[in-house]
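I have placed the structure first, in the form of structure tokens, so that the comments after it can refer back to it.
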Amino acid sequence: MNPTNNVTRDFIRDIIDEDLRTNKYDGRVHTRFPPEPNGYLHIGHAKSICLNFGIAEEYKGLCNLRFDDTNPTKEEKEYTQSIIEDVRWLGFDWEDRLFFASDYFGQMYEYAVQLVKDGKAYVDDLNAKEINEYRGTLTKPGRNSPYRDRSVEENLDLLERMKAGEFADGEKVLRAKIDMAHPNLNMRDPIIYRILHASHHRTGDKWCIYPMYDWAHGLEDSIEDITHSICTLEFENHRPLYDWFLDNLGVYHPQQIEFARLNLTYTVMSKRMLLELVEGGYVSGWDDPRLPTISGMRRRGYSPTAIRNFCKRIGVAKVNSIVDLEFLEHCIRDDLNKTSLRFMGVLRPLKIVIENYPEDKVEELEAINNPEDPNAGTRKLPFSRVLYIEQGDFMEDPPKKFYRLAPGREVRFRYSYFITCKESIKEGGDVVELRCTYDPATRGGYAPDGRKVKSTIHWVSAAHAIDAEVRLYDRLFTLENPAGQKDTDFKELLNPNSLEVLTSSKVEPALRNLKPFDRFQFERQGYFCIGPDTTEENLVINRTVGLRDIWAKIQKQQQMKK
RNA sequence: AGCCCUGUGGUGUAGUGGUUAACAUGUUGGCCUUUGGAGCCAGCGACAGCGGUUCGAAUCCGCUCAGGGCUGCCA
């Protein structure tokens with residue numbers, strides 16, 4: 001039962017091991033992922049999903065998907081649908097255990113009645129402002145509400161009438177009778193029910209009182225027979241209340257365990273900020289490929305495997321931390337390197353003419369689809385007299401350590417020939433065309449005389465290439481921790497160059513066979529995928545992440561010296 | 001200021017009284033290479049501080065310092 005080899009260890013799994021050893025829950029492990037349907041899921045949620053579903057898998061237990069829909073004013077159906085889609089896409093299965101907190105409203109109300117009958121809850125007439133004043137502060141104890149000692153009968157009557165809709169929003173609340181001087185503010189007679197004459201996306205107008213998180217959550221866990229209720233650190237101070245409710249009701253009592261939520265550099269993870277970016281039009285929507293949302297990452301070309309690996313490898317602890325975006329990028333490269341088919345694509349084309357190559361000749365050269373996977377086979381690549389290469393692969397006046405094409409220099413064109421640059425043609429200062437020659441003896445890329453060449457570059461045949469729009473994405477923010485700036489609005493820290501659209505890219509014809517969301521590598525450039533907004537006329541390609549680029553690093557260093 | 005939580009290389013984690021303090025990423029150098037990719041080898045780099053317990057402390061205790069959370073009828 002205990003997963004020992006090749007599995008991540010962390011304090012949560014230690015707790016579970018111990019519970020299993022002491023037979024605390026009859027050997028059961030039952031977790032849940034309980035999002036509120038008020039936004040789209042992001043990579044931080046993925047961490048929680050991988051934790052909860054992952055633990056269930058490892059211990060041969062169960063994990064529920066549960067919507068914590070206790071606040072009708074913030075929640076929408078659209079979000080529910082997207083959450084279901086995203087969890088499924090990540091590869092997890094809740095079987096028939098899809099639940100909604102709203103399904104338990106009746107039961108929760110009955111429990112509230114029980115608490116009132118036990119003299120442990122009361123209806124309070126204080127308004128929000130007064131309740132706030134009576135609560136005291138971090139350092140000063142609170143005071144009892146004048147309504148705190150109403151009789152059980154009166155409370156029962158009032159609660160019923162709250163439910164029946166006799167009162168307006170905010171007129172009354174149901175509170176637990178705990179301790180107004182408790183050092184933990186959450187224990188100062190917390191609110192259990194508030195009046196909200198709002199239509200709920202699932203229960204409609206059946207209810208006009210809605211349970212608060214603290215009341216609802218433990219009950220949901222208890223009702224579903226959860227063993228380990230894993231949540232984020234900000235609920236640590238709520239655990240005593242979680243325990244109090246369950247203990248005082250005398251019902252089955254799961255245990256709450258808190259872990260640190262995920263933070264990533266150069267992005268924001270809070271729902272509020274994400275919503276602001278979406279609604280303010282700073283991004284194209286919840287699935288903008290620059291966003292850390294699951295749908296955005298999917299559109300950008302991230303694979304479920306890469307995300308799951310990432311979540312596993314960052315571990316889980318109780319320290320607030322911020323993971324390098326570079327590590328996420330490492331994880332996606334790691335997966336895509338093994339699985340992606342290779343193609344040739346010229347993002348910023350420069351025309352070249354092979355002067356000694358016949359005008360009407362076309363050769364089919366063999367290219368390897370994936371050097372990491374022999375089973376991926378090979379394909380034919382058309383080669384002809386006029387080709388495109390990458391603008392960045394030619395320099396008129398090459399600096400040290402630039403190994404690519406330059407006047408008089410010979411390089412290998414991948415899978416084809418050794419090619420020498422004879423002349424560059426300029427228009428208004430820009431190089432617009434290269435005149436080159438090829439060595440017919442080097443077909444396939446090998447020189448019979450054994451001479452070496454410093455670099456290999458990619459290319460496409462002009463007559464055969466297809467046009468594409470390539471969207472290059474960069475980090476969304478210019479600062480590592482945009483959300484952590486005290487005096488600056490995070491939106492001012494947006495990276496103005498987070499999206500670059502190239503409209504005249506030339507890619508090899510085989511790309512035509514791919515479908516939206518298909519992932520692949522453009523050799524020497526990075527990992528890409530077919531954009532879902534591709535049309536008949538316009539092939540859209542999204543860059544997921546670039547390859548590690550040593551030349552770019554050298555270039556940067558050379559510029560620094562200047 | 002009261003209560004709660006947390007401090008291990010740049011970053012993320014492991015380490016549960018005896019280890020040359022581990023792994024990954026990053027970084028530096030080298031090897032290899034028909035992707036300046038991938039891979040391989042090597043180097044650099046950490047126990048917040050001070051006391052205490054102990055033959056022995058990253059680990060246990062105390063204090064200090066630092067970071068985070070809590071004063072919604074949000075979750």
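Every chain is numbered from 1, with letters handed out A, B, ... down the list of sequences.
- Looking at heavy-atom distances under 4.0 Å, A:V316 makes contact with sugar-phosphate atoms alone, never a base.
- Within the nucleic acid shown, A:V323 comes within 4.0 Å of sugar-phosphate atoms alone, with no base atom in reach, counting heavy atoms only.
- Separation of the A:Y111 and A:W215 ring centroids does not fall under the 6.0 Å cut-off.
- Side-chain atoms of A:R313 stay outside donor-acceptor range of the base of B:G12, with no qualifying N/O pair under 3.5 Å.
- Taking the six-membered ring for Trp and the full ring otherwise, A:F67 and A:F99 have centroids separated by 6.0 Å or more.
- Between A:H458 and B:U35 there is no side-chain N or O to OP1 or OP2 distance below 4.0 Å.
- Residue-level contact check: A:L126 touches the bases, meaning some heavy atom is under 4.0 Å from a base atom.
- Using a 4.0 Å heavy-atom criterion, one finds that A:I457 contacts no nucleic acid atom at all.
- The side chain of A:N237 lies closest to B:C70 when the candidates are B:C70, B:G37, B:U35.
- As judged by a 4.0 angstrom heavy-atom cut-off over every strand, A:Y527 is placed among residues making no nucleic acid contact.
- At a threshold of 4.0 Å, the pair A:E234-A:R261 counts as salt-bridged, since one of the basic side-chain nitrogens sits closer than that to a carboxylate oxygen.
- You'll find that the side chain of A:L185 is closest to B:G2, out of B:C73, B:U35, B:G2.
- Relative ring orientation between A:H217 and A:Y242 is described as tilted, the plane-to-plane angle lying within the 30° to 60° band.
- Side chain of A:R404, nearest nucleotide from B:C74, B:G36, B:U25: B:G36.
- Atom CG in A:N263 sits about 11 Å away from atom C1' in B:G68, given to the nearest Å.
- Taking a 4.0 Å limit (strictly below) on heavy-atom distances, residues 65-73 of chain A reaches RNA chain B at A:D68, A:T70, A:N71.
- Contact annotation for A:S321: backbone-only contact, meaning every heavy-atom pair under 4.0 Å involves sugar-phosphate atoms and none involves a base.
- Checked by distance alone, A:Q521 brings a side-chain donor or acceptor within 3.5 Å of a matching partner on the base of B:U35.
- Of the two residues contacting RNA chain B, namely A:A317 and A:H217, the nearest-nucleotide position lying further toward the 5' end is that of A:A317.
- Picking from B:G69, B:U35, B:G2 the nucleotide with the shortest atom distance to the side chain of A:E234 gives B:G69.
- Separation of the A:F235 and A:Y213 ring centroids falls under the 6.0 Å cut-off.
- OP1 or OP2 of B:U35 has not a single side-chain nitrogen or oxygen of A:R342 nearer than 4.0 Å.
- Counting any heavy atom pair closer than 4.0 Å across all strands shown, A:Y213 reaches a base atom.
- Pairs of Watson-Crick or G-U wobble type, with distances under 3.5 Å, assemble into runs of 3 or more in RNA chain B at these ranges: B:2-7 with B:65-70, B:10-13 with B:22-25, B:27-31 with B:39-43, B:48-52 with B:60-64.
- Using a 90° window around 0 for the glycosidic torsion, B:G49 falls outside it and is classed as anti.
- Here A:Y193 lies out of heavy-atom contact (under 4.0 Å) with every strand.
- Contact annotation: side chain of A:N132 to base of B:G72, donor-acceptor pair absent below 3.5 Å.
- Across all strands shown, A:P240 has no heavy atoms under 4.0 Å from either base or sugar-phosphate atoms.
- Residue A:H238 is in base contact, counting any heavy-atom pair closer than 4.0 Å across all strands shown.
- Taking the side chain of A:D324 as heavy atoms from C-beta on, and the options B:A38, B:U11, B:C73, the nearest nucleotide is B:U11.
- Comparing A:G170 and A:F413 against RNA chain B, the residue whose closest nucleotide sits nearer the 5' end is A:F413.
- No engagement by A:K454 is indicated, since no non-hydrogen atom pair under 4.0 Å with the nucleic acid exists.
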Anything under 3.5 Å between a protein N or O and an N or O of nucleotides 5-8 of chain B, put it in a table, one pair a line.
| from | atom 1 | to | atom 2 | distance (Å) |
| --- | --- | --- | --- | --- |
| B:C5 | O2' | A:E236 | OE2 | 3.0 |

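- At the heavy-atom level, A:D14 lies under 4.0 Å from base atoms of the strands shown.
- Across all strands, A:Y210 comes closer than 4.0 Å to no nucleic acid atom at all (heavy-atom distances).
- Summarising the geometry, the separation between CG on A:D10 and P on B:U16 is reported as 15 Å, rounded to the nearest angstrom.
- Backbone-only contact: A:R135 has heavy atoms under 4.0 Å from sugar-phosphate atoms and none from a base.
- On a pure distance criterion of 3.5 Å, a polar donor-acceptor pair joins the side chain of A:E372 and the base of B:G37.
- Shown are A:K177, A:R175, A:R148; of these, the side chain to side chain donor-acceptor pair (under 3.5 Å) with A:D189 is made only by A:R148.
- One atom, NZ of A:K163, and another, C1' of B:C73, lie 20 Å apart when rounded to the nearest Å.
- Judged by the 6.0 Å distance and 45° axis criteria, A:K318 is not positioned over the aromatic ring of A:F259.
- Between A:F327 and B:G26, no base-stacking contact is recorded for ring centres under 5.5 Å apart and planes less than 30° from parallel.
- Residue A:M212 places its side chain closer to B:C73 than to any other of B:U71, B:U13, B:C73.
- The shortest distance between the side-chain N/O atoms of A:R9 and the OP1/OP2 oxygens of B:G15 is not below 4.0 Å.
- Aromatic ring centroids of A:F383 and A:W459 lie under 6.0 Å apart.
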